[in-house]
Amino acid sequence: MDSETAAARIRAAIRAIPKGQVAGYGEIARRAGLPGRARLVARLLSENEDAKLPWHRVLRSDGRIAFPEGSKGYREQSQRLRAEGVTVEKGRVRGQRAAATLDSQIWGPAD
DNA sequence: CTGATGACTGATA
DNA sequence: CTATCAGCCATCA
């Protein structure tokens with residue numbers, strides 16, 4: 001598939017994250033049919049700042065925000081998450097832990 | 001072509 | 001718990 005389709009799939013996967021829930025970069029990529037492209041997901045978000053995309057619901061595999069604590073992006077993301085009822089503590093989302101947990105919480109354990 | 005870079009990941013110590 | 005390190009993929013100088 002071309003990069004256009006890949007990007008579209010990724011955006012769709014991100015939009016599929018329910019409000020108040022979160023998912024990991026790797027899980028988004030896998031859900032989009034692009035296993036191993038976690039960095040591609042990250043790159044898309046860094047370039048396409050689409051206000052319609054719930055990019056703030058995308059976290060790293062360890063459940064942490066991808067930005068360094070205190071940075072602009074960090075504050076932006078943590079604030080948006082809290083606005084949806086997600087508890088963020090020291091850059092980490094409460095209730096979510098490892099990669100396997102992130103996605104299974106919103107899309108189910110297996111696929 | 002080669003090496004550097006990055007909103008990444010998993011394994012090890 | 002944190003710190004390294006080696007993979008990883010796409011892009012760019």
Side-chain angles (χ1 to χ4, degrees):
Chain A
M1 72 176 65
D2 53 84
S3 55
E4 280 292 315
T5 307
R9 280 176 158 283
I10 291 174
R11 284 194 296 270
I14 294 176
R15 279 194 299 270
I17 306 175
K19 180 181 177 182
Q21 297 282 16
V22 296
Y25 289 91
E27 290 302 329
I28 293 295
R30 184 176 67 75
R31 192 68 183 181
L34 301 164
R37 273 60 170 188
R39 297 191 102 146
L40 178 59
V41 176
R43 183 171 165 283
L44 246 91
L45 294 184
S46 65
E47 293 182 355
N48 290 334
E49 293 185 15
D50 194 330
K52 278 303 172 189
L53 276 180
W55 56 271
H56 53 276
R57 296 179 191 148
V58 186
L59 308 172
R60 292 195 325 208
S61 62
D62 58 359
R64 285 177 174 282
I65 290 177
F67 299 103
E69 191 174 346
S71 68
K72 179 87 184 310
Y74 169 88
R75 286 192 297 272
E76 174 78 20
Q77 184 164 16
S78 55
Q79 184 183 323
R80 281 170 174 275
L81 285 173
R82 277 192 274 257
E84 294 186 351
V86 178
T87 303
V88 183
E89 235 176 87
K90 296 177 179 58
R92 184 173 38 190
V93 170
R94 191 186 276 286
Q96 314 293 331
R97 295 200 179 183
T101 317
L102 291 174
D103 183 87
S104 59
Q105 288 291 312
I106 67 178
W107 285 314
D111 198 22

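Protein chains get the first letters and strands the later ones, always in sequence-line order, with residue 1 at the start of each.
- Between the OH atom of A/Y74 and the P atom of B/dA7 there is a distance of 17 Å, rounded to whole Å.
- A straight line from CZ of A/R37 to P of C/dT11 spans 11 Å, rounded to a whole angstrom.
- Counting to the nearest Å, the P atom of B/dT9 and the CG atom of A/L59 are 10 Å from each other.
- When heavy atoms are screened at a 4.0 angstrom cut-off, A/R39 is found touching base atoms of the nucleic acid.
- Comparing the same atom, C1', in C/dC8 and in B/dG6 gives a spacing of 12 Å after rounding to whole Å.
- As rounded to whole Å, 17 Å separates atom C1' of C/dT11 from atom CG of A/D2.
- Summarising the geometry, the separation between CG on A/N48 and C1' on C/dT11 is reported as 15 Å, rounded to the nearest angstrom.
- In the set C/dA10, B/dT9, C/dC9, C/dA10 carries the atom at the smallest distance from any side-chain atom of A/L40.
- Note: CD (A/E47) to P (C/dA10) measures 13 Å, nearest angstrom.
- Salt bridge annotation for A/E47-A/R43: present, with a cationic side-chain nitrogen under 4.0 angstrom from a carboxylate oxygen.
- In this structure, B/dC1 forms no base pair with any nucleotide, since neither Watson-Crick nor G-U wobble geometry is met with both distances under 3.5 Å.
- Electrostatic pairing of A/E27 and A/R31 does not count as a salt bridge here, judged by no charged N lying under 4.0 Å from a carboxylate O.
- Proximity note for A/Y25 (side chain, C-beta onward) versus C/dG7, C/dA10, B/dT9: the nearest is B/dT9.
- Enclosure of atom CZ in A/R64 by more than 12 non-hydrogen atoms of other residues, nucleotides or ligands within 6.0 angstrom is indicated.
- Among C/dT2, C/dC8, B/dG10, the nucleotide with an atom closest to any side-chain atom of A/R64 is C/dT2.
- A/R60 has no side-chain polar atom (N or O) that falls below the 4.0 Å cut-off from OP1 or OP2 of B/dA7.
- Straight-line distance from the CD1 atom of A/I10 to the C1' atom of C/dA10: 11 Å, rounded to whole Å.
- The distance between atom CD1 of A/I65 and atom C1' of B/dC8, rounded to the nearest whole Å, is 16 Å.
- The residue A/G26 sits close only to the backbone: its heavy atoms come under 4.0 Å of sugar-phosphate atoms, none of a base.
- A 6.0 Å sphere centred on CD of A/E69 holds more than 12 heavy atoms belonging to other residues, nucleotides or ligands.
- Residues A/E84 and A/H56 bring a donor and an acceptor atom of their side chains to less than 3.5 Å of each other.
- Each of C/dC9, B/dT9, B/dA7 was ranked by its minimum atom distance to the side chain of A/S61; first place goes to B/dT9.
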